[in-house]
Amino acid sequence: MTIFSLWVINKAGGLVYQRNFADGLAQLTSNEYLVLAGTLHGIHAITSRLSPTGSSSGAQVIEGETFKITILLTATGTKFVLLTSLAEATAESVLQRVYEAYSDAVMKNPFHTPEMPIRSEGFDGRITSIIGAGQP
């Protein structure tokens, strides 16, 4: 059970926070991460329209052969994305705790501009305590 990476995507599809926690992911440039976040934002928007039973909040879990992407969409449109191993069963609860840390350390910070990249030592520290600096 491994957590590989955490992304925070703003409501416009821009990547405002990205941090890797374990080896196993391809090493990407900043621009490649921005493109991937924008693509995931688009996929999420499409899946929210595809529901045959009415309104939907979009994809919540996307599984590949060797990894899983879990998405938490907030009421403001911010997406919290966790890339994990397939065996990771706690992704939803981890994302909820990350959202709480974001609310406390980022949104309550009077010097943070909403929708802009997150540069907060308090948030980084909370993420380290929730997920860890590195996973086995």
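As the structure is a prediction and not an experimental result, all values here were calculated from the model.
- A side-chain N or O of R19 and one of T128 form a donor-acceptor pair less than 3.5 Å apart.
- Judged purely by atom type and a 3.5 angstrom limit, Q18 has no side-chain atom pairing as donor or acceptor with the backbone of V8.
- Side-chain N or O atoms of E88 include none that pairs as donor or acceptor with a backbone N or O of S85 at under 3.5 Å.
- Y33 and N20 are linked by a side-chain donor-acceptor pair at a separation below 3.5 angstrom, with hydrogens and angles left out of the test.
- In this structure, F21 has its ring center no closer than 6.0 Å to that of F4.
- Looking only at side-chain heavy atoms (C-beta outward), I62 and K68 stay at 4.5 Å or farther from each other.
- Checked by atom type and distance alone, the side chain of T29 pairs as donor or acceptor with a backbone atom of E32 at under 3.5 Å.
- Of the possible donor and acceptor atoms, none in the side chain of S48 sits under 3.5 Å from a partner among the backbone N and O of G58.
- In this structure a side-chain-to-backbone donor-acceptor pair under 3.5 Å is missing from T90 to S93.
- Distance OG1/T2 to CG/L83: 12.0 Å, rounded to 0.5 Å.
- What you find for S120 and A105 is that their closest heavy atoms are OG-O, 3.9 Å.
- Heavy-atom minimum distance, L15 versus A37: CB-CB, 3.7 Å.
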### Message
For a side-chain contact (heavy atoms from CB on, under 4.5 Å) check, start with the C-alpha distance between K79 and L73, then their side-chain angles and the critical distance, and finish with the verdict.
### Response
CA-CA 5 Å; K79 292 173 195 66; L73 177 66; 3.8 Å; yes
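- Considering every non-hydrogen atom in both K11 and H41, the closest pair reads O-CE1, 3.3 Å.
- Here the shortest heavy-atom pairing between F67 and L86 reads O-CD2, 3.3 Å.
- For the residue pair Y17 and N10, no side-chain donor N or O sits within less than 3.5 Å of a side-chain acceptor on the partner.
- When side chains are defined from C-beta on, L82 does not count as touching I69, because their heavy atoms never get closer than 4.5 Å.
- One N or O on the side chain of T74 and one on the backbone of T78 form a donor-acceptor pair closer than 3.5 Å.
- Of all the heavy atoms in W7 and S5, the pair that sits closest is NE1-OG, 3.2 Å.
- The shortest heavy-atom contact between T70 and L95 is O-CD1, 3.4 Å.
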